[in-house]
Amino acid sequence: MNNTEVVHLHDDTSSVVITLQGAGLPVMTHWGRTLGNVDQAALHGLVDVVSWSNPNNAPDAPVPLALLPDAGAGYVGRPGLRGHRGGEHFAPSLAVTSFSGEDGAIFRYVASDEAAELTVTGTLELLASGMVRLRHVIRNDGTTPYALEGLETALPVPSHATELLDFTGRWSRERAPQRQTFNHGSWVRENRRGRTGHDATIGLLAGTPGFSFRDGEVWALHVAWSGNHVTYAENLVDGSPVLGGGELLLPGEITLAPGEQYESPWIYAAYSPAGIDGIGAAFHRQLRERELRPRPVVLNTWEAVYFDHDLARLTSLADTAAAIGVERFVLDDGWFRHRRDDSAGLGDWYVDETVWPDGLTPLIKHVRALGMEFGLWFEPEMINTDSDLYRAHPDWVLGPRPGVLPPPSRNQQVLNIAHPEAYAYILDRVSSVLSDNDIAFVKWDHNRDLIGSRVHDQTAAYYRLLDELRLRHPHVEIESCSSGGGRIDLGVLSRTDRVWTSDCNDALERQLIQRWTGVFLPPELMGAHVGPTKSHTTGRVHDLSFRVATAVFGHFGIEWDINSATDEERAGLQAAIEYYKDVRSLVQTGVTVHSDHPDAAAWVHGIVAADQSEALFGYVQLATSVQNKPRRVRLPGLDPARTYRLSFDAPAGRPKQIQRLPADWKSVELPGSVLSEAGIQLPVLEPEQALLLRLK
Ligand code: GLA
């Protein structure tokens, strides 16, 4: 084949082969299992054999799927570039003018259409984590505006990826999986909430039939953007199955002036030859490129005191927290002017003089003297109409047009931080509070959807704001919260240090929320708190042992009025905190694994040290099993050649209903091969109970 260039990026697990034929846009000829060190002749041979068949009743030369699906070249699926110049040039004839990417880790190309006066630049990187990330930039080279409606990137998956897995959810029930056959047509997950969204699919996975945590080939895609976005799977009758995505642009949101350009968010993709756990491992490696000190045990005041900000009550809570081993005390919503409930005050980021006559200093000093860090809640992108800020600047509300307020949600409106003065005000307020007080941690919330307003500029301003604050306050850690887990994505996570996984502290719900969030996020980035005995969001009552066995698989904390807890509960919490401190470096650096447990009413998951020297597993009974004798369970990820001592741990007290736990349990020693392959028999657990298994 003439005039064909092939670029091969690969590591030990996966390969990406990119083909350029003539001036056509680059095509991903293979994304999947590594091809190893194949030579150029073999790569050209691959291109030959995949290009030679052409269907009936189709263009005379095959139309491949380009990284930017190319309508101008005849691609009839979802186009990568959507836009027009006064009704023209919606399907430009983009021709590659240059590219770089000898066998290595980065591939770049430039393509333009002189008549349409557009230039597109594409970048694809094979990262050290094993993930691939891609983005496109489009520039308007003309003298008239170009209206951009979408710039989306697509990756082909092989036709043996016949099943799809993606996620939905709601407030307090984030990231519920849904599975389906990858049929012909498009499965398009659009998000128009102006934030990442509780229901957004955090990842879109395609895999071989029945792919599970440990088995099957899996391909995954994630859009790293905290505003409107689209993630899709498409399967054409005359093309390859595709995963793609990008920012979802609202009509008129992006009009490129002459010389102006638009940069799409990064699209992250991962391939695993061995189940969903391989996808998780790649995401975790990627997110662990940050440096995090050992995760401090948190006490968050929200479910403890809500808006009852009383210095005596809070200092006493801090005393109890410090006494049981808490290391970070986080004051949640309610500290700023007019914020006596959730109807007023957002925007007035001054410490409320009526509740805090001497400022936050007395509390912070007290907390610091107890040896704990202090953290504070903000919701900078929001405004109550009952606030001094709104009274002074009603025009700073983000809405469809000046003077028109979107429907209120949680009694609040959105502050237009793309407005330069509003941005400067918020930057100054947050920054001043951080400078004037000894604050180590910010919980940054965002509690409503955006309605009828521009989202792109708001999202870009949010990122700018975070970047600027991090520059000014490099030692302050930031948590991304959005009514719980409504803003979790790799865009925000490149600027923040953990997420509030969900407002639901019910351990049973958390088992599922953390199971699926944890495929994408390593455990130390997922805030996981032991809540009150009776859950505030569901009304369920759980043993402390179950709540603890759930929260240790995250960034452990407490969100409970522990002054109202019993002595026994406080002692249990203290022991749990000690236990967490003992396992936290394992939690923070280990490899997350899941056993493909055959009984949906129970499950087994764990974290194995990177050097396989130790592991922590959770065996969780979610509901009653029909199975009378629990299934034998394999503990994956262990070193087959090493011998492990297995102990059953229940730091906060034994689950009340364990039956028939072997008396000599603590003395079991077995090779990794036996534990991982033959498996072990676990005891009967009543529903909503869990055991921790420690292997050393
Ligand atoms: C959101 C958060 C909660 C809490 C409240 C305060 O719902 O998710 O954790 O901070 O706001 O109003």
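Note that ligands are numbered from 1 as they come in the structure, with each ligand's atoms numbered from 1 the same way. We use all heavy atoms of the structure for the numbers below, so side chains are in, but hydrogens, waters and symmetry mates are not. Quick caveat: nothing in here was measured; it's all calculated off a predicted structure.
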Determine the interplanar angle of the Y306 and W302 rings, folded into 0 to 90°, and report it as parallel if under 30°, tilted if 30 to 60°, perpendicular if over 60°. perpendicular
Atom 9 (O) of ligand 1 - nearest protein heavy atom and its distance: K443 NZ, 2.7 Å
Give me the nearest non-hydrogen protein atom to atom 8 (O) of ligand 1 as residue plus atom name, then the distance to 0.1 Å. D503 OD1, 2.5 Å
Considering only protein heavy atoms, which is closest to atom 12 (O) of ligand 1, and at what distance to one decimal place? D333 OD2, 2.6 Å
One residue to check: E559. Relative to ligand 1, which of side chain, backbone, both or neither has a non-hydrogen atom less than 4.0 Å away? neither
Could you identify the single nearest non-hydrogen protein atom to atom 4 (C) of ligand 1 and state the distance to 0.1 Å? D332 OD1, 3.4 Å
Of all protein heavy atoms, the one nearest atom 11 (O) of ligand 1 is D445 OD2, 2.9 Å
Is a salt bridge present between R288 and E524, judged by a nitrogen-to-oxygen distance below 4.0 Å? yes
Check ion pair K443-D333 (N to O, under 4.0 angstrom): no
Side chain, backbone, both or neither: which part of N300 comes within less than 4.0 Å of ligand 1 when only heavy atoms are counted? neither
Atoms in ligand 1 flagged as close to C481, the criterion being non-hydrogen separation under 4.0 Å: 2 (C), 8 (O)
For the residue pair H594 and F213, does the interplanar ring angle fall in the parallel (under 30°), tilted (30 to 60°) or perpendicular (over 60°) class? parallel
Ring centroid separation for F336 and W349, is it under 6.0 angstrom? yes
Ring-plane angle category for F553 and H605, please: parallel below 30°, perpendicular beyond 60°, tilted otherwise. tilted
Which atoms from ligand 1 have a heavy atom of G484 less than 4.0 Å away? 8 (O)
Does the residue D342 have a heavy-atom contact with ligand 1, meaning some pair of atoms that are separated by less than 4.0 Å? no
Could a heavy atom of E379 be found less than 4.0 Å from some atom of ligand 1? no
Classify the angle between the aromatic ring planes of H222 and F283 as parallel (below 30°), tilted (30 to 60°) or perpendicular (above 60°). perpendicular
Can you list the ligand 1 atoms lying under 4.0 Å from a non-hydrogen atom of W500? 8 (O), 9 (O)
